[in-house]
Each structure stands twice: as structure tokens, then as C-alpha cells.
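In what follows, a structure is listed as C-alpha cells, so that the remarks can point back to it.
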Amino acid sequence: MYGGGTTFEGVKTDSVLQEDPIKLAAFEARIERGEKIEPKDWMPQLYRKQLIRMIEQHGHSEIIGALPEGTWITRAPGFKRKMALMAKVQDEVGHAQLLYSAAETLGKSREAMIEDLISGKSKYSNIFNYPTFTWADCCFISWLVDAGAIVNQLANAKGSYGPYCRALERICAEESFHLKYGHHCVIYLATGTALQRQLFQEALNRWWPPMMHFFGPSDKISTHTEILMKWKVKMGTNDEMRNQFLDMYVPKILELGFTIPDHKLKKNTATGKWDYTEPDWEEFKRVINGDGPCNKERLEVRRIAEARGQWVRDALKKPKMEYVTPLA
Ligand code: FAQ
């Protein structure tokens, strides 16, 4: 599926100024024409580095994202919900596999990526560092976190790097089932008893702030948006994605009779955008840098899983076998 990559190690500079200007211009013209860049094509080192960073973080988010819902498989209400949740969690881990494969085409090995995740070097989505206290928290993730992920991924699937776009297309197809499942779970609570409605309202109150963080820092303070938009890796800015999510899902949440815990949230008819309370970016920074409510637990679970699976990987390896980047 994917071509072999060149090695990431040794990339010392972020500067596009050091690239061959003729090659750079040809590369940018291809992107401008809407062509896909493939693993063996020439690309600036910064493009490669940014893609590895973003795809790797995305893969880690899928792996860690399986944990807050995964703990509810045994407690999901009823056999049907257990089956569906188990399939969903399995899909999320599968998405990580696709994403790690896409990142490997750029030259970083899967082992190095996993090592950077469990050592705390790599980031992953802020939102999975919050606890799922009740079943309704789990329903919030299945509906609205998946919804946010789809908004982002449907846009970026039209981006410039072939392997990432193809992985995103497949992921979006599966995520749309998750979204339907999550919406069904929430409708069930919304049309249930007063206690069921209360459970979801409380979950919404807890998860709204991290959901607003989920799309990344506001455009004013985002570090990577400009270059990623120029090279069509990101197809919308963080604020545009947040706005699109609000456009699509605020009406649906209100329709079910829930309230959103932000008294400033309102569609501004003059700008066509949503006004909202500025998210707490200090909390966001703390959480993505390892100091959220569940960061330590999430990474510890992954470390244990890694250690427990070591014998399987050892058994599969022949003594002299070396790591090989996957070939097409
Ligand atoms: N969480 O300059 P920007 C899912 C970091 S998949 C943590 O704006 P960028 C499926 C960013 O890395 C969810 N860190 O960054 C599922 C950078 O730090 P660095 C994941 C964040 O890359 C559903 C710094 O802040 N989706 O949910 C976050 O241009 C249900 C500056 O930020 C993807 O990864 C954050 N939310 O834009 C699974 C999609 N936001 O690296 C289970 C692909 C920013 O310099 C259950 N990624 N940071 O140290 C993207 O679209 C982009 O990377 C953004 C961030 C939009 C996330």
C-alpha cells in the first residue's frame, strides 16, 4: 500500500530556506495543482517532519482514545451496547495501525513512535486525558468527540500527502458508524428518564471545555497552521474546524433539549461565526504537556500493555531480523 520512506533521523533544520529553490517551487506547484505527494517523491524536510509529527500524534490519539471508552465495555448497558462499543474500540486501535503505517512511509519506525508515546515525548489529543465517570461520558465521546474528529478528518482527507489522505478516507468511513452509534446512545438517554437526561447533561457540562480545546489553539496562537495550510496538510484552520463543528452540532444538542455550558455561545449573524467564551488555553497547555487528570494513568496502561506484549513480538522475530520499513 505504501512506499518505503527515507530516514527521519538527521533532520536538523526546520528551515525551508535551505531547500533547493527549484525543487521547492516544483513541489509547491504540484500542491497548488491539487496533486498528491507520494512517499518517494521529493519533499522539503519540514514537510516530512511536520507530517510525521501530525500523523504520529493522530495515531497516538486513536490508541489512547480507545482507553476512556474501553473501560466501559464491561459496564455498557446491555449486550447490544457492549458489542457495538467493543467493535468501536477495536476500530480506533485499527485507525492507529493505519496512521502509524502512513507515518512510517516518511521514515520514522513504529517502534520509535510507540517509544515516544510511552516515554511521554509525543503528544496526543487533549480530550482523552479526562475521566469517563459515567456511561453518559462514554456516550459523549462516541457522539461528539467522533463528530469533531470527522469534521477535521473529512477536510484533511482532501489534503496533499497520499498515504495520510487514503488512511483518513478509510477512517472517516468507520467513524461515521461510530457517530451514528453515539448519536443513538444519546437520543436514548435524551428520551429516557429524568435521571438519564441529567446524566447526559452532566457529561456535557464536564466535556464541553475539552471539546472546545480539541480543535487546537485559536488561530491567533497556533504554531503550525500557517505552513500546514500552505502545503495543504491542514485544509482548515483550528478556528474554522471548531466553527464548523459548532454549526453542525450545537443545533442537534439543543434539539434534544440539553443546554451548553457557555452563556456566550451564540451564532454571530454579522460574521457568520460563533461567539463563545475563549477556552482556557492554560488548562489546554497543562493537559497536552502531561498534567491532565488522567495523563499518568493513560500512559501507564500503555506501558503495561507494551511490556506484556513484548514476548509476542520477541517470539515473532528471528534472532537476526532487522526492522524493515513497509514497501508498496
Ligand atoms: N491535543 O500549531 P497547532 C479522534 C498541540 S482523533 C493535543 O495548532 P497543529 C478519534 C500541537 O500538537 C483526535 N495537542 O498544531 C477518536 C502543537 O504541539 P507541538 C486527534 C494539541 O498540528 C474519537 C501545539 O498544540 N485528531 O479523536 C491539540 O497545526 C473517539 C500547537 O498547536 C488528530 O490528530 C490537541 N487537541 O493543529 C478516537 C487530527 N491541538 O506538536 C477515540 C490530525 C494542538 O508543536 C474515540 N491533527 N495541539 O508540540 C490535526 O488536525 C492537528 O494536528 C490539530 C492541531 C488540529 C490537532
Side-chain angles (χ1 to χ4, degrees), residues 14 49-72 85 88-96 98-99 102-103 116 120-130 132 137-157 159 161 164-165 167-168 171-172 174-179 181-182 207 209-242 244-245 279 281 283-292 295 298:
D14 277 359
K49 194 173 176 181
Q50 279 283 8
L51 272 169
I52 292 175
R53 179 190 67 83
M54 199 170 123
I55 303 173
E56 177 183 357
Q57 286 179 8
H58 189 172
H60 296 333
S61 304
E62 301 278 357
I63 288 270
I64 299 287
L67 300 178
E69 285 179 298
T71 56
W72 275 92
L85 183 58
K88 178 185 189 306
V89 166
Q90 185 177 301
D91 282 354
E92 306 299 1
V93 177
H95 296 168
L98 288 170
L99 291 161
D116 285 351
K121 188 173 166 198
S122 281
K123 291 193 169 67
Y124 57 86
S125 185
N126 69 299
I127 203 148
F128 303 119
N129 291 305
Y130 291 84
T132 39
D137 292 320
C138 202
C139 298
F140 182 99
I141 298 180
S142 302
W143 184 29
L144 292 166
V145 178
D146 274 273
I150 291 176
V151 165
N152 170 296
Q153 289 160 198
L154 269 182
N156 292 345
Y161 189 58
Y164 188 38
C165 296
L168 287 181
I171 291 172
C172 285
E174 293 184 357
E175 298 278 25
S176 56
F177 283 105
H178 302 170
L179 179 74
Y181 153 80
W207 286 78
M211 190 71 230
M212 292 295 279
H213 289 149
F214 177 81
F215 300 91
S218 80
D219 293 350
K220 291 190 287 283
I221 54 172
S222 162
T223 330
H224 306 293
T225 297
E226 193 183 339
I227 191 74
L228 291 176
M229 293 282 290
K230 181 175 178 202
W231 285 336
K232 296 192 183 169
V233 175
K234 277 169 84 165
M235 300 300 280
T237 70
N238 300 353
D239 287 340
E240 284 166 359
M241 297 292 181
R242 203 169 0 255
Q244 196 180 325
F245 169 80
W281 297 118
E283 173 180 338
F284 171 77
K285 273 190 218 152
R286 272 198 312 278
V287 172
I288 67 172
N289 286 310
D291 194 18
N295 298 58
R298 300 283 185 250

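In listed order, ligands and their atoms are each counted from 1. We count residues from 1, following the sequence as given.
Trp72 places none of its side-chain heavy atoms less than 4.5 Å from the side chain of Asp137. Side-chain contact between Lys234 and Met241: absent, with no pair of heavy atoms (C-beta onward) separated by less than 4.5 Å.
Annotation: salt bridge (charged side-chain N to carboxylate O under 4.0 Å, His left out) contacts of Glu175 (sequence neighbours excluded): none. Residues passing the salt bridge (charged side-chain N to carboxylate O under 4.0 Å, His left out) test with Glu69, sequence neighbours excluded: Lys88. When the side chain to side chain contact (heavy atoms under 4.5 Å, CB included) test is applied to Glu226, no partner is found at least two apart in sequence or on another chain.
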Would you mind listing each N/O atom of ligand 1 next to any protein N/O under 3.5 Å, plus the distance?
{"from": "ligand 1", "atom 1": "1 (N)", "to": "Asn126", "atom 2": "N", "distance (Å)": "2.8"}
{"from": "ligand 1", "atom 1": "2 (O)", "to": "Ser222", "atom 2": "OG", "distance (Å)": "3.1"}
{"from": "ligand 1", "atom 1": "2 (O)", "to": "Thr223", "atom 2": "N", "distance (Å)": "2.8"}
{"from": "ligand 1", "atom 1": "2 (O)", "to": "His224", "atom 2": "N", "distance (Å)": "2.8"}
{"from": "ligand 1", "atom 1": "8 (O)", "to": "Ser222", "atom 2": "OG", "distance (Å)": "2.8"}
{"from": "ligand 1", "atom 1": "8 (O)", "to": "Asn238", "atom 2": "ND2", "distance (Å)": "2.8"}
{"from": "ligand 1", "atom 1": "12 (O)", "to": "Arg53", "atom 2": "NH1", "distance (Å)": "3.3"}
{"from": "ligand 1", "atom 1": "12 (O)", "to": "Gln57", "atom 2": "OE1", "distance (Å)": "2.7"}
{"from": "ligand 1", "atom 1": "12 (O)", "to": "Gln57", "atom 2": "NE2", "distance (Å)": "3.4"}
{"from": "ligand 1", "atom 1": "22 (O)", "to": "Arg53", "atom 2": "NH1", "distance (Å)": "3.2"}
{"from": "ligand 1", "atom 1": "22 (O)", "to": "Arg53", "atom 2": "NH2", "distance (Å)": "2.9"}
{"from": "ligand 1", "atom 1": "29 (O)", "to": "Lys234", "atom 2": "NZ", "distance (Å)": "2.6"}
{"from": "ligand 1", "atom 1": "36 (N)", "to": "Asn126", "atom 2": "OD1", "distance (Å)": "3.0"}
{"from": "ligand 1", "atom 1": "36 (N)", "to": "Phe214", "atom 2": "O", "distance (Å)": "3.0"}
{"from": "ligand 1", "atom 1": "37 (O)", "to": "Lys234", "atom 2": "NZ", "distance (Å)": "2.9"}
{"from": "ligand 1", "atom 1": "41 (O)", "to": "Arg53", "atom 2": "NH1", "distance (Å)": "3.0"}
{"from": "ligand 1", "atom 1": "41 (O)", "to": "Gln57", "atom 2": "NE2", "distance (Å)": "2.9"}
{"from": "ligand 1", "atom 1": "45 (O)", "to": "His224", "atom 2": "NE2", "distance (Å)": "2.6"}
{"from": "ligand 1", "atom 1": "49 (O)", "to": "Lys123", "atom 2": "NZ", "distance (Å)": "2.5"}
{"from": "ligand 1", "atom 1": "51 (O)", "to": "Asn152", "atom 2": "ND2", "distance (Å)": "2.8"}

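In this structure, His213 and Trp281 have tilted ring planes: the angle between them lies in the 30° to 60° band.
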